[in-house]
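Read the numbers this way: they start at 1 and go in the same order the structure lists the ligands and their atoms. Just so it is clear, the values below take in all heavy atoms, side chains as well, and ignore hydrogens, waters and symmetry mates.
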Amino acid sequence: MNVEHHVDLAAYTTFGVSARASTVVTVTTTDELREALLNYPQARLMGGGSNILVTQDVDVPVIRIASKGIVVVSEADEFVLVEVQAGELWHDLVTWAVDHDYGGLENLALIPGTVGAAPMQNIGAYGVEQNLVFHSLTALDVADGSSRTFTGSDCEFGYRSSVFKTTLRGRYAIATVTYRLTKPPHNLHTGYADVAARLQGHEQPTLRDVYNAVVSIRRAKLPDPKVVGNAGSFFKNPVIDVSTFQALLAEHPTLPSYLINQEQVKVPAAWLIDHAGWKGYREGSVGVHHNQALVLVNHGGGSGREVLQLSKKIQRSVEEKYGILLEPEVNLW
Ligand code: EPU
């Protein structure tokens, strides 16, 4: 394992905001992860740093999980089980799967971050969430380093949520994740409007067509963290009850929505923020992305506090205009 002191976290998070960490421990195997958990009992865990906004210096040690490896552990006629180390980059896994003609991850191309963080917040995009192909994971108990296997139902996956964000928050470090990927013929998810539009003209889209469509949509709409600091969607899409939604719709007839069940409707936070006038807004070095109002950005040299303050202004403005309190999707440190 590699131990560094007095580290600027700007290089380790996609928001790229400066903040000092007293100690950063980078581990590249599960054994190193266990050792680090035992040696640094108060540590915080970090993967690709793509869903974190650091708002102040960090005095507790940070363990960066950078273990790599993708292995087919079993194979049947219709599917393969693929075990992936937590520190593997998510997009590298998606690309590997498409290269091998294994299906299920293609809609999740280009999501920044590591594989270990994917189940934690049940990442999703373009009509698919990772729990659709999730098989199981192994995680280490941060208290004693013991290993435990979690099935899909143990993880209690929800919209950008799992047991690791709720009842077991801070209790486990995810070490490996196993996905159950399909062999051809694949069941492609092409219904999401943006994806369907890109696939027009493809009679029978392939896995790679869907992957390419998602990559080009994301490139067009979302800022590349290597160029402009960001952590993807800053807020979750709010889920509201049908009666509240009906009242809102009467006032804002173009408000898009997705019915979740008989009682609940999800509305796009991007639309609310955009129609409250924030899209493309800039305040010093931080702002709201000009193509996607749900993405807050650091144009360079911005601080975590400035981003946080901007997010609070947006929250207040959306609450005043629509009566909805937006909840951050990124983790605040
Ligand atoms: N919209 C606006 N203004 C904007 C952007 C979007 O009015 O500036 C409207 C769009 O017209 C559309 C709706 O908002 O009707 C939804 O927009 P989009 O399809 O871009 O998706 P989203 O709800 O903003 C979610 C995820 C993204 C994911 C996309 C695609 C959340 C919090 N975000 O965004 O995930 O890539 O769907 O599936 O669920 C992330 O989690 O970091 C992330 C980027």
Side-chain angles (χ1 to χ4, degrees), residues 13-15 47-53 90-91 94 105-114 117-132 157-162 165 189-198 210-211 213-225 228-240 245 248-249 252-260 265-281 287-297 307 311 314-315 317-318 321-322 324-331:
T13 67
T14 57
F15 247 122
S50 59
N51 208 40
I52 296 173
L53 177 66
W90 177 265
H91 181 67
V94 176
L105 299 176
E106 56 284 354
N107 291 47
L108 307 178
L110 227 55
I111 296 182
T114 54
M120 196 150 290
Q121 56 152 347
N122 194 25
I123 59 170
Y126 309 105
V128 173
E129 287 177 331
Q130 67 86 48
N131 65 307
L132 268 186
F157 291 122
Y159 168 56
R160 294 297 191 276
S161 172
S162 74
K165 281 186 89 176
H189 296 264
T190 55
Y192 201 93
D194 283 350
V195 176
R198 297 264 167 173
V210 177
Y211 170 91
V214 169
V215 166
S216 71
I217 296 164
R218 292 189 75 101
R219 289 227 165 100
K221 285 201 167 174
L222 298 167
D224 178 353
V228 180
N230 76 91
S233 301
F234 194 91
F235 299 103
K236 288 193 208 179
N237 284 329
V239 175
I240 58 179
F245 171 69
L248 264 180
L249 194 63
H252 309 281
T254 57
L255 174 65
S257 62
Y258 323 95
L259 198 63
I260 291 187
V265 178
K266 199 196 271 182
V267 294
W271 190 96
L272 302 174
I273 298 169
D274 187 350
H275 289 76
W278 290 99
K279 192 160 165 173
Y281 176 83
V288 179
H289 187 54
H290 58 94
N291 277 341
Q292 225 300 1
L294 194 47
V295 179
L296 302 194
V297 295
V307 176
S311 78
I314 293 171
Q315 266 175 327
S317 142
V318 166
K321 195 165 164 72
Y322 307 102
I324 294 176
L325 179 62
L326 296 177
E327 199 187 313
E329 200 229 307
V330 298
N331 297 301

Atom indices of ligand 1, in the order listed, that fall short of 4.0 Å to a heavy atom of [X]:
X: Lys279; answer: 3 (N), 4 (C), 8 (O)
X: Pro268; answer: 13 (C), 14 (O), 16 (C)
X: Ala293; answer: 4 (C), 8 (O)
X: Asn237; answer: 23 (O), 31 (C), 32 (C), 39 (O)

(message) Taking the basic N atoms (NZ, or NE/NH1/NH2) and the acidic carboxylate oxygens, is any pair closer than 4.0 Å for Glu329 and Arg160?
(response) yes
Distance-only N or O hit between ligand 1 and [X], under 3.5 Å:
X: Tyr159; result: yes
X: Asp274; result: yes
X: His275; result: no

(message) Just to check, does Tyr258 reach to within less than 4.0 Å of ligand 1 when the distance is taken from its heavy atoms?
(response) yes
(request) Work out whether the distance between some heavy atom of Gln121 and some atom of ligand 1 is less than 4.0 Å. (result) no
(message) Looking at atom 26 (C) of ligand 1, tell me if a protein heavy atom falls under 4.0 Å from it.
(response) yes
(message) Before you tell me yes or no, could you show the steps for Val297 and Val288 under side chain to side chain contact (heavy atoms under 4.5 Å, CB included), namely the whole-Å CA-CA distance, both residues' side-chain angles and the distance that decides it to 0.1 Å?
(response) CA-CA 6 Å; Val297 295; Val288 179; over 6 Å; no
(request) Give the residue, atom name and distance (to 0.1 Å) of the protein heavy atom nearest atom 24 (O) of ligand 1. (result) Gln292 NE2, 2.8 Å
(request) State, with a plain yes or no, whether a side-chain heavy atom of Ile240 is found less than 4.5 Å away from one of Val267. (result) yes
(message) Any heavy-atom pair between the side chains of Phe15 and Val307 that's under 4.5 Å?
(response) yes
(request) Of the side chain and backbone of Phe235, name the one, both, or neither that has a heavy atom under 4.0 Å from an atom of ligand 1. (result) backbone
